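Structure first, commentary second.
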Protein chains: 2
Amino acid sequence: MPRGFGKGAMLWHGRFRKHGYRLTLPRQAILDVLSRTTKHLSAEEIYIEVHRIYPSIGLSTVYRTLELLVQVSLIFKFDFGDGKARYELIRSLEREYHYHHHLICTQCNRVIDYTEFIKDEMELFKKTEKNLSKKYGFKINRHIVQFYGVCDKCIRR
Amino acid sequence: MPRGFGKGAMLWHGRFRKHGYRLTLPRQAILDVLSRTTKHLSAEEIYIEVHRIYPSIGLSTVYRTLELLVQVSLIFKFDFGDGKARYELIRSLEREYHYHHHLICTQCNRVIDYTEFIKDEMELFKKTEKNLSKKYGFKINRHIVQFYGVCDKCIRR
DNA sequence: ATTGGGAAAGAGAATCATTCTCAGTAAGGA
DNA sequence: TCCTTACTGAGAATGATTCTCTTTCCCAAT
């Protein structure tokens with residue numbers, strides 16, 4: 001197990017092996033970038049970060065890896081409406097699980113994570129999910145909630 | 001007011017004028033296509049439909065118009081993760097308001113509108129929206145909820 | 001009715017995020 | 001060590017969307 005990566009590495013490694021994949025250096029580097037931020041990075045932003053430390057890692061690899069990481073449920077992919085996908089590490093196994101949804105400003109594309117008022121919601125969605133699964137025969141894996149609006153800064157213009 | 005378009009035309013016309021835009025033939029044609037379906041059409045699918053009746057209407061116009069329609073809140077734009085945007089007429093003023101969310105199959109990209117179990121949700125979101133607005137100074141205009149999973153047909157494979 | 005000016009449209013080029021191809025490299029098991 | 005397969009980097013290709021430019025349309029003032 002290479003050094004210099006956080007404790008997530010063990011988890012990641014296991015997750016990869018379970019799916020028959022290897023946890024290679026580029027993959028660790030990308031996961032590491034994502035684990036060190038709470039921002040919603042695009043593929044290119046991730047590429048730039050990774051590239052600073054490992055200049056040999058190419059953009060294709062970043063895209064390929066991100067797709068893989070979504071597939072093995074280590075990251076989420078989001079669309080906030082600005083034409084590029086955004087990625088977030090899934091932190092559900094961390095000590096302080098930061099369950100959240102997004103508030104998106106349609107003028108400046110700012111994204112705010114909010115965690116408030118979410119307890120009732122989790123309950124409701126658990127119920128809804130069960131009902132929908134039964135009614136439509138779906139195996140539901142996740143849901144997203146996004147609020148769109150105009151942020152305080154943009155309102156004052 | 002040109003003939004051959006549904007009763008939405010009056011509403012549409014008013015909405016356009018309010019924003020200083022004109023309700024032209026291509027715009028009506030596009031709204032008309034959207035008003036005749038409950039599917040989630042892509043820009044190109046809309047173009048093909050429109051083009052059957054008005055072959056002179058170009059793809060650029062379709063894109064331009066769709067953007068405009070989103071801006072004046074006559075349609076919603078969605079991303080279901082398959083690389084192209086989808087559009088839906090907003091029917092909130094129709095007799096039978098079909099408020100719904102989406103269930104998306106991540107394997108075959110099938111999208112199901114569901115309207116069940118939504119009453120509790122509307123209440124909850126009204127509250128949440130108010131709270132978030134206050135706390136973050138956002139003027140919230142809309143929210144989306146999407147469930148991702150694997151549909152019955154894809155499970156049996 | 002005529003006309004002047006801004007809005008809107010059509011065609012095609014340009015853009016840009018993402019995906020694909022291909023040839024080379026690395027890693028783990030026999 | 002060898003072999004198979006996963007993985008990679010580079011760059012080309014793709015495809016949805018946006019932009020540019022010229023022409024056309026609509027409306028209001030004359």
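Just so we're clear, the structure is a prediction, and the values are computed from it rather than from any experiment. The sequence lines fix the lettering, A, B, ..., with proteins before strands; numbering per chain opens at 1.
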Quiz item: For A:D82 and D:dA16, what is the distance between atoms CG and C1' respectively, to the nearest whole Å?
Solution: 15 Å

Exercise. Looking at every strand, decide which applies to B:G83 at a 4.0 Å heavy-atom threshold: base, sugar-phosphate, or nothing.
Key: sugar-phosphate

Quiz item: DNA chain C: A:A85 or B:V62, which has the more 5' nearest nucleotide?
Solution: B:V62

Quiz prompt | Spacing between B:L68 atom CG and C:dA8 atom P, to the nearest angstrom | solution = 7 Å

Self-check item: Option among B:I57, B:T61, B:D32 that satisfies the side-chain contact (heavy atoms from CB on, under 4.5 Å) test with B:V50
Solution: B:I57

Quiz item: Please give, in whole Å, the distance from C:dA17 C1' to A:F80 CZ?
Solution: 17 Å

Quiz item: Are A:Y87 and A:H40 close enough that their ring centres sit under 6.0 Å apart?
Solution: no

Quiz item: Which part of the nucleic acid does A:S60 contact within heavy-atom distance under 4.0 Å: base, sugar-phosphate only, or nothing?
Solution: base

Quiz item: A:F80 vs A:F78 aromatic rings, parallel, tilted or perpendicular, using cut-offs 30° and 60°?
Solution: parallel

Quiz prompt | B:H143-B:H101 aromatic ring centre distance below 6.0 Å | solution = yes

Quiz item: Rounded to whole angstrom units, what separation is found between the CD atom of B:E45 and the C1' atom of D:dG15?
Solution: 15 Å

Quiz prompt | Toward the 5' end of DNA chain C, by each residue's nearest nucleotide, A:E67 or B:R27 | solution = B:R27

Quiz item: B:L23 CG to C:dA9 P: how many Å, rounded?
Solution: 10 Å

Quiz item: Rounded to the Å, how far apart are A:Y63 OH and C:dA17 P?
Solution: 7 Å

Exercise. Could you check how far CZ of B:R17 sits from P of D:dC26, rounded to whole Å?
Key: 15 Å

Quiz item: Do A:Y47 and A:Y63 have ring centres separated by under 6.0 Å?
Solution: no

Quiz item: If you look at every strand shown and take non-hydrogen atoms under 4.0 Å, does A:R64 touch a base, only sugar-phosphate, or nothing?
Solution: base

Quiz item: Between B:A43 and B:R22, who's closer to the 5' end of DNA chain D by nearest nucleotide?
Solution: B:A43

Practice problem: Please work out if A:S42 contacts a base, only the sugar-phosphate, or nothing of the nucleic acid, heavy-atom cut-off 4.0 Å. | Solution: nothing

Practice problem: Determine: side-chain N/O of A:T61 to OP1/OP2 of D:dC7, distance under 4.0 Å, yes or no. | Solution: no

Quiz item: Whole-Å distance between D:dC7 P and A:Y21 OH?
Solution: 8 Å

